[in-house]
Number of protein chains: 2
Amino acid sequence: MQNSEAMALSAALLAVAGGLTQRINEGVVARGFEGLRPAHGFAFARLAPDGATVTDLAAHLGVTKQAASQLVDEIVRKGYAERRVHPLDARARLIVLTERGWACTRAAEEAAAEVVRGWSDVLGEGEVQALREQLGRIAPYGPIRPAW
Amino acid sequence: MQNSEAMALSAALLAVAGGLTQRINEGVVARGFEGLRPAHGFAFARLAPDGATVTDLAAHLGVTKQAASQLVDEIVRKGYAERRVHPLDARARLIVLTERGWACTRAAEEAAAEVVRGWSDVLGEGEVQALREQLGRIAPYGPIRPAW
DNA sequence: GAGAGATGGTCAAGTAGCTTGACCATCCCG
DNA sequence: CGGGATGGTCAAGCTACTTGACCATCTCTC
């Protein structure tokens, strides 16, 4: 594969990723959840299963724990999460989603599903499934949040 | 397709995009071009063919023209581009890449090709070609720079 | 042509999200 | 028990971006 083709693939990938992020965010706003940025979505994804500590979140987002703490301040103030005492470590706080936080997470899922449905209309269901499988195989580990 | 699958696809896509961006940037740095951020790469991509005006660049990057102007200041100061008089409009300046700017662009292409080669090792050349074609079909128009 | 509004660009100041540095509370381990 | 490691916060600073104001030049209409 030539460099120019690699660039075409890269550009398309980044454009799709950017559009997806934007449209998920728009979908979340349209469902009544305001004052949130895409970075919050990445935090919610980490908090969703069982909660997480600030340090966990920082590693997941690829930022300092101070930055993660500020982000938690923000989503707590806006009613999407709350700080609880950690059951196993008195130093730590367990950050968990509130009901509103869960509702917002579901809204993000719906918005994402809506975008993906648009892709199915273009590519067909099978190709989208293949896309999911292929991207899963080349996805790197490490912090989730794209660092640009 | 269920919402959870849409989320899995979205997460994989964003992870791949984030990893790609990071690795291209690392590759560019490794080739001796310092002081550049991913946003500069998106600017170079727009400048590369024939140059562009600050306003063009701003629209392409999805930022204000003031921000684009500052970014141009920076790449001019670092020797990657220069401001020329616009041949058709005395108000405008045509921003064009210097030889160093072109060298950096080629370095980014090489770095991208390197990453894509890694994908070929996992997926096979044919699947990567298919990926390129499919992503090209679902890529949105509008500003290129992912807005998160 | 001549004036009025639109457009390209820059200067200046403010903002938001991140960083580094310092610090305290608690945990873990010899 | 004592000392280092770890979780978290407070404070201050940095930087990429924004909004607002302004000038030069283009373009349209009369």
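Per chain, numbering begins at 1; letters A, B, ... match sequence-line order. Just the heavy atoms: all of them, side chains too, but no hydrogens, waters or symmetry mates, feed the values below.
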**Student:** From the options D:dG7, C:dG9, D:dC26, select the nucleotide whose nearest atom is closest to the side chain of B:D89.
**Tutor:**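 In terms of side-chain proximity for B:D89, the closest of D:dG7, C:dG9, D:dC26 is D:dC26.
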**Student:** Side chain of A:Q70 only, please: which of C:dC27, C:dG9, C:dT19 is the nearest?
**Tutor:**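 Within the option list, the nearest is C:dT19.
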**Student:** Between C:dT19 atom P and A:K65 atom NZ, what is the distance in whole Å?
**Tutor:**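 Nearest whole value for this atom pair: 13 Å.
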**Student:** Give the nucleotide from the list D:dC17, C:dG9, C:dC27 with an atom nearest to the side chain of A:R91.
**Tutor:**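 So the nucleotide nearest the side chain must be C:dC27.
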**Student:** Within this structure, what is the CD-to-P distance between B:Q66 and D:dC23, rounded to whole angstrom?
**Tutor:**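 These atoms are roughly 16 Å apart.
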**Student:** Tell me the interatomic distance from A:L71, atom CG, to C:dC18, atom P, rounded to whole angstroms.
**Tutor:**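 Between P of C:dC18 and CG of A:L71: 7 Å.
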**Student:** Given atom CD of A:E74 and atom C1' of C:dG17, what is their separation to the nearest angstrom?
**Tutor:**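 My rounded result for the distance is 9 Å.
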**Student:** By the 4.0 Å heavy-atom rule, please label B:A90 as base, sugar-phosphate, or nothing.
**Tutor:**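 Sugar-phosphate contact only - B:A90 comes under 4.0 Å of backbone atoms but never of a base.
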**Student:** Rounded to whole Å, please give me the gap between CG in A:D73 and C1' in C:dC18.
**Tutor:**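 Rounding to the nearest Å, CG of A:D73 and C1' of C:dC18 are 14 Å apart.
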**Student:** Strictly by modelled atom types, are B:E26 and B:Q22 linked by a side-chain donor-acceptor pair under 3.5 Å?
**Tutor:**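 Checked: B:E26/B:Q22 side chains pair up, N/O donor to acceptor below 3.5 Å.
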**Student:** Working note: B:T53 + B:I95, criterion side-chain contact (heavy atoms from CB on, under 4.5 Å); need CA distance, chi angles, decisive distance, verdict.
**Tutor:** CA-CA 6 Å; B:T53 66; B:I95 318 297; 5.9 Å; no
**Student:** With a non-hydrogen cut-off below 4.0 angstrom, is A:T53 in contact with a base, only sugar-phosphate, or nothing?
**Tutor:**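 The answer is sugar-phosphate, as A:T53 gets under 4.0 Å only of primed atoms, P, OP1 or OP2.
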**Student:** Within the 4.0 Å heavy-atom criterion, would you say B:T55 contacts the bases, only the backbone, or no part of the nucleic acid?
**Tutor:**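 It contacts sugar-phosphate atoms only.
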**Student:** If I take atom CG from residue B:L131 and atom OG from residue B:S120, how far apart are they, to the nearest 0.5 angstrom?
**Tutor:**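 Between B:L131 CG and B:S120 OG, I get 9.5 Å after rounding to 0.5 Å.
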